[in-house]
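For reference, the structure discussed in these notes is given below.
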Amino acid sequence: PAVSAHVRYEQEKWWHVQLGGLLRVLEYRNTNTKADIYMPTWGVNIGASFHLVPEQTTLRLQGVYGQGIGSYVADLGNLEKEANTVYQTGNQASACKTLDVWGIGVSAAHKWLPKLCSEVGYRVMSTIDNERDKDAYQYGHAASISLFYHPMEQIKIGAEYLYGARKNITKDLQDAHRIQAVVGFEL
């Protein structure tokens, strides 16, 4: 479990800024010594949204930094062995560490018609410590463009194109392309 809190300040329909924080404890089980090691982890997130044309065009900015919070950062959530766990440094069974992670992103959304909107975005994520396996994640970036139809205010249906790239600690940058269908619900 994690403990989180946030504070938000907004200026009517024009903009808002939000600052959040997260604390949690990760457990590492050393299979050789059968010892449990508990590591405190933390993260901070700041985001801002600017309504360039109220009810029509919005610019969003976001940044995150922390230790041991890879599962909370876009594109690192499924890299359990690479970015989200406590890992041993060197050959010392008692020398454990969590991974420093940071990410920044920017996106813009535009409502073309009352039920039709699009969004374009870019984000970059990076890990900081390089004492890990040579094929572990070092940094990556992703760009996306999407088009959504809202049959009802709380439901969106659409398609998204995503280009992403990843660099491991000692390898060249590898890229990938993805087209995906998106269905979203807001309560």
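As a basis for the values below, the full set of heavy atoms in this structure was taken, side chains included, without hydrogen atoms, waters or symmetry mates.
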Checklist entry - Does V106 reach the side chain of L59, with side-chain heavy atoms less than 4.5 Å apart? => result yes
Checklist entry - Looking at side-chain heavy atoms only, is the closest gap between Y139 and T127 below 4.5 Å? => result no
Item to check | Shortest non-hydrogen separation from I69 to G43 and the atoms involved | outcome: CD1-CA, 3.9 Å
Item to check | Y161 versus I179, closest heavy-atom pair with distance | outcome: CD1-CG1, 3.9 Å
Item to check | Shortest non-hydrogen contact between S4 and L22, atoms and distance | outcome: CB-CD1, 4.1 Å
Checklist entry - Would a line drawn from the ring center of W15 to the ring center of Y9 be shorter than 6.0 Å? => result yes
Checklist entry - Are any non-hydrogen side-chain atoms of S107 and Y122 less than 4.5 angstrom apart? => result no
Checklist outcome for this item: What one should report as the nearest heavy-atom pair of L162 and S144 is CD1-CB, 3.7 Å
Checklist entry - Nearest 0.5 Å, what's the CE-CZ distance between M152 and F185? => result 10.0 Å
Next on the checklist: Quick one, Q62 and N45 - any side-chain contact, counting heavy atoms below 4.5 Å?
Outcome noted: yes
Checklist outcome for this item: In this structure, NE2 of H6 is separated from CD1 of I46 (nearest 0.5 Å) by 13.0 Å
Next on the checklist: Per the ring-ring contact (aromatic ring centres under 6.0 Å, His included) rule, what does the pair list look like for residues 30-58, sequence neighbours excluded?
Outcome noted: W42-Y65
Checklist entry - Going hydrophobic residue to hydrophobic residue with side-chain gaps under 4.5 angstrom, can you get from W112 over to F148? => result no
Item to check | Inter-residue atom distance L173.CG - N168.CG, 0.5 Å rounding | outcome: 9.5 Å
Item to check | Under 3.5 Å side-chain donor-acceptor pair for Q138 and K167 | outcome: yes
Item to check | 4.5 Å side-chain heavy-atom contact, S146 and V182 | outcome: no
Next on the checklist: Is there a path of hydrophobic side-chain contacts, each under 4.5 Å between heavy atoms of I/L/V/M/F/W/Y residues, joining V7 to V17?
Outcome noted: yes
Next on the checklist: A side-chain contact here means heavy atoms from C-beta on lying under 4.5 Å apart; do C117 and H150 qualify?
Outcome noted: yes
Next on the checklist: For a quick check under 3.5 Å, do E160 and Q180 share a side-chain donor-acceptor pair by atom type?
Outcome noted: yes
Item to check | Exercise: identify the closest heavy-atom pair between L147 and S118 | outcome: CD1-CB, 4.0 Å
Item to check | Heavy-atom check, side chain of L23 versus side chain of T41, under 4.5 Å | outcome: no
Checklist entry - Under 4.5 Å between any side-chain heavy atoms of E55 and K13, yes or no? => result yes
Checklist entry - For E12, does the CD atom sit with more than 12 other heavy atoms under 6.0 Å from it, leaving out its own atoms? => result no
Next on the checklist: Working to the nearest 0.5 angstrom, can you tell me the gap between M125 CE and H141 NE2?
Outcome noted: 8.5 Å
Checklist entry - Under a 4.0 Å N-O cut-off, is there an ion pair linking K156 with E119? => result no
Next on the checklist: Is there a path of hydrophobic side-chain contacts, each under 4.5 Å between heavy atoms, that joins L52 and L61?
Outcome noted: yes
Checklist entry - Does a donor on one side chain and an acceptor on the other come within less than 3.5 Å for Q67 and D100? => result yes
Item to check | Considering all heavy atoms, the nearest P151-I157 contact | outcome: CG-CD1, 4.0 Å
